[in-house]
Structure formats: structure tokens, C-alpha cells
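To start, the structure itself, in C-alpha cells.
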Number of protein chains: 2
Amino acid sequence: MTGIRVMLVDDQELLRASLRTVLSADERIEVTHDVGNGIDAIEVVRRHRLDVVLMDIRMPRMDGVAATAEIARIAPATRVLMLTTFDDDELVVAAIRAGASGYLTKDVRPAALAQAVCDVASGTSALAPGVAATILDFVRQVPARRTTALEGLTRREVEIFGLLARGKSNSEICAELVLSENTVKSHVRAVLQKLNLRDRVHVVIYAYENGLVGRNDLPD
Amino acid sequence: MTGIRVMLVDDQELLRASLRTVLSADERIEVTHDVGNGIDAIEVVRRHRLDVVLMDIRMPRMDGVAATAEIARIAPATRVLMLTTFDDDELVVAAIRAGASGYLTKDVRPAALAQAVCDVASGTSALAPGVAATILDFVRQVPARRTTALEGLTRREVEIFGLLARGKSNSEICAELVLSENTVKSHVRAVLQKLNLRDRVHVVIYAYENGLVGRNDLPD
DNA sequence: TCCCGTCTCACCCCTTAGGGTGATGTCGGC
DNA sequence: GCCGACATCACCCTAAGGGGTGAGACGGGA
């Protein structure tokens, strides 16, 4: 019988080499491939049968989350184990949603890493302690979850919100949307009420804090 | 004769192990210590003679830059080689200023890493190609450098700016700083003029676009 | 010593913004 | 066809913000 077939995906060649050394030392594991980005990883998954993909989250040319989603789609039997430097709250959740079977931080001990690979290969999952806590927190917060943070606003109000977030005055908005100032004020009032914000200044803060303005949605 | 005495400083135990493996494979190098944070690193430097410290930038309990500065102070003969995941522009400069002899990204190839260690031990410096470019850019930009993007503001004005950025109204500011509203308005006016911003809404945008508010400098 | 920058405050002005209320017209669904 | 949700606009009022000017106090540097 052959060991668990593992592919390493990480843009750091040095780390890949070290992972290979660590994992190969475990007789249950066989590192069959290692690649430096998500695109190549998908290509390998398409052509070969793999048991576990050990994947870094942040990579050039298709990040780990996107690659995981694609792998889950084309090879559901292949387990993906995310490996990252920090337990980035956002990414943890995104990775799990994308179909990752586990999530480890890179400060994992070599023995624990090998064990985690075996765990996910056998169908269970593996979460680093810190990450597990993050997941639980998330689950608890779900009711308070804001899908868009703009829930409840009408189309027009969302539009107004966007302009407010970019620092537009009422008169600028009414010029841009070809509306009377009174109308603009009505919409602005609705936005403030629905989002429970005091004034347009807080709209801007709200927008940035919720990632609703891309950097460089500059005022002008 | 003994090899170049090297200490590894990185909070990722896995990476330390791998670095040790890679470097030990080079006969010129002898890895004598490895620790997980800056505090411990300084302790080791104080007690032992080292040639090179291979240090991660981001670490819990005293980051790499601070540790480097301290090492440069107490053991000027010991060379520090920074090792990081990304060539964070800010950190590159800070690290070099702190006294680092070189700066590598973790995607360095094993052979190049060993060579870099030997290079800095012999007194030259080692910069990863991408980092070198960053340094050169920096040197070229120095005159145009924005230390804080708040250049020209007085202490008080910077303080006011911070409160504006967090969405405080004039009355809140005057309560918080125990000033008359007239005074606050004077300062606000000065801030707007000096930064060439139209109103407090734009102050918030300016603050976020320039990274002057940490996420979670939440309004309240 | 005098001067300059800073911080403080006051008064006046006008514009902008926020809030309340109510009235159209349109569209889609029951 | 009726009703509700939206979008549009009007008029009113008050508060908050932005702009101009000037002035007293204080501290550090030329």
C-alpha cells in the first residue's frame, strides 16, 4: 500500500522544501507534488489523484481560497488543508466556506502537521487551536452577520450611500444624479435612519470600516 | 576553525527547523541557537558571541526591528539578516535604519540563503532583488517623503485631526479636550486649510486613505 | 529683549446639513 | 382595481459647520 498522496502549494520555495522534509519523514505520507501557485495546483489536481493538498492562503496568481474552491469543485475527494502565517479571521471563514478541511497556522509543530495531514485524509478535520476559536466566534456572531452591511437600503439609497462615502455634498449628489436637493436630502435621511448613523461623517467611517469603499474610490 | 555562528529568530517553529536544516547543510555555517522572539534573542546575544542573527520581522513579544536595534547597540559586531514574508516597504526601511545588514524574503532559495548568511558574516550586505529595488526607490523618494501625511500640523491640530477622523462633532471635541467651541472651530479650520480639505467628511476620507486610522479606532 | 508660533477664545457671517410632514406619480403584485 | 414600496419634490425650522477677523497669554529662540 502506498502512503497518503500530498501536494504542497506555497509560493515560498524554502517552506515547500521544509514541508517536504518534515512530511516525508512520516512513513504514512508521500509528497507527490509541489507547486508555487493556485493555477498550477489546479492543473495537478485535474491530472492526478491526490489525497491532501496543503495550501498556503496568500499566493501570487490565484490565492489559496480561490484555488480551494476550484479543487473542491473538480475533485471533491481531495481534502484541502490550509496553511497560513496568521489566523486572518476573514480568510479562515472564507477558506472553510470554499471547502477547506482544515486550517493550520505555520507555527504548527512538525509532528502535529503530519498528524493533521493524516487526519484530514481520513475524513476528519484539523483546526489549529487559535483558528478553532475564531470559527466558534464566527458561528456565534452569525446572527449579527452583515451580508452586505447595506441590508434594507433601496437601490437609490445604496447609490446615495456610495456618494456620501466618497465625500459628496448634497448639492454635488443632486447634480450628479439630476435630482432636486430636497430629494437628495430625503434619501440621505433615509440612509442615516436605516443604518442608524448620526451624520454623513459617520457614513464615511461606516463605509471604510465595513470595506464598502475600495481604496481609491477617491473623492475626486 | 569553527563555522559562522548563527542564531535563528522566528516565531514559527516549523520554519526555524527548516532553516536549521538548510543552513546546517552548509559546512561554513553552524546554527548555534534558535529562539522564538526578540526578547530571547537579545538575551542570547548578551551572553554569547554570534556572527549572524537571522531574524523574522514580525514576531510576538518584541518585533524584529526593535530587536535588531537593540542587538546593534549591544553587539555591533553581530550582523542581523532580516527575513520576512513580504517586502513590506515600511519595514524594509525601518529594519535597515535599525541596523540590519541584509533583508531577504522567505521565498529565497536555500542555496541563496546560505550564501547570504556568509555574505553578511564577511561584512558585506545582502538584499533580495525585490527589496533592493524598494531601497533604491526609497532613496530616490526621500525628499518627497511623507513622514506622517500630517506634516505642518501642530500638536494640537494633529490631536483635533484624530478626533475628526473618528467622526467627532465640534461639541464632542470641545468636551473631550475641555476647550471652548470657538477654539475647536479655530483648530478645525486650521486643519482643513493646511491639509487643503473641504470639510470634516473629507478629513475622514483622507485619514482612511492615508492609513492614519487603525481599523477599530471606531467612533465609539 | 523682542518676536514668532502656538493655543486659547470671542464675535459675526452665511451655508450646509439634519429632521419633520406631507404630497405627488409610478410600478408591481395580490 | 387597490395597495404598498419607491422615488420624487416642497416647505418649514433648527442646529451644526465653515469662514473671516482680531486679540490676549505663553514659551522658546534669535
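Letters A, B, ... mirror the listed sequences (proteins, then strands); counts begin at 1. Every value quoted in this text rests on a predicted model; they were computed, and no experiment measured them.
The environment of CZ in Arg198(B) is crowded: more than 12 heavy-atom neighbours from other residues, nucleotides or ligands sit within 6.0 Å.
Atom P of nucleotide dA10(C) and atom CD of Glu181(B) are separated by 11 Å, given to the nearest angstrom. dG18(C) atom P lies 11 Å from atom NE2 of His202(A), rounded to whole Å. Distance CD1 (Ile173(B)) to P (dT8(C)): 13 Å, rounded to an integer number of Å. In this structure, Asp199(A) atom CG and dG19(C) atom P are separated by 8 Å, rounded to whole Å. Taking atom CG of Leu197(A) as the reference point, atom P of dG18(C) lies 11 Å away to the nearest angstrom. Summarising the geometry, the separation between NZ on Lys185(A) and P on dT15(C) is reported as 14 Å, rounded to the nearest angstrom.
Along DNA chain D, the nucleotide nearest Asn170(B) and the nucleotide nearest Gln193(B) are compared for position; the residue whose nucleotide lies closer to the 5' end is Asn170(B). Where Arg189(A) and Lys194(A) meet DNA chain D, the nucleotide closest to each residue was compared, and Lys194(A) sits on the side nearer the 5' end.
Extent of DNA chain D lying under 4.0 Å from chain A heavy atoms, first and last nucleotide in 5' to 3' order, is dC6(D) to dC11(D).
If you check every strand for non-hydrogen atoms under 4.0 Å, Asn182(B) touches a base. Nucleic acid contact class of Thr183(A) (heavy atoms, under 4.0 Å, all strands): base.
Sorted by residue number, the members of residues 155-163 of chain B with any non-hydrogen atom under 4.0 Å from DNA chain C read Arg155(B), Arg156(B).
A salt bridge between Glu159(B) and Arg155(B) is absent, with no side-chain N of the basic residue lying under 4.0 Å from a carboxylate O of the acidic one. Taking the charged nitrogens against the carboxylate oxygens, Asp34(A) and Arg16(A) do have a contact shorter than 4.0 Å, which makes a salt bridge. By the 4.0 Å N-to-carboxylate-O rule, Asp10(A) lies close enough to Lys106(A) to be salt-bridged with it.
One finds the CG atom of Leu83(B) at 9.5 Å from the CG atom of Leu8(B) (value rounded to the nearest 0.5 Å).
Classified by interplanar angle (parallel below 30°, tilted 30° to 60°, perpendicular above 60°), the ring pair Tyr208(B)/Tyr208(A) is parallel. Aromatic ring orientation, Phe161(A) versus Tyr206(A): perpendicular (interplanar angle above 60°, classes split at 30° and 60°).
The shortest distance between side-chain heavy atoms of Asp11(A) and Asn37(A) does not fall below 4.5 Å. Within the 4.5 Å cutoff, the side chain of Ile160(B) has heavy atoms near those of the Leu177(B) side chain.
Each of Val188(B), Leu163(B), Asn182(B) was checked for a side-chain contact (heavy atoms from CB on, under 4.5 Å) with Asn170(B), and the lone residue meeting it is Val188(B). Here the rule is side-chain contact (heavy atoms from CB on, under 4.5 Å) with Ile71(B), and of Leu50(B), Val45(B), Val9(B) only Val45(B) fits it.
Look at His187(B) and you won't find any side-chain N or O under 4.0 angstrom from OP1 or OP2 of dC7(C).
Inspection of the Ser180(A) and Thr183(A) side chains reveals an N or O donor paired with an N or O acceptor under 3.5 Å.
Terminal axes of the helix from dT1(C)-dA30(D) to dC30(C)-dG1(D) (five pairs each, C1' rotation axis) are separated by 30°, to the nearest 10°.
Under 3.5 Å, the side chain of Ser186(B) and the base of dC9(C) form at least one donor-acceptor pair of N or O atoms.
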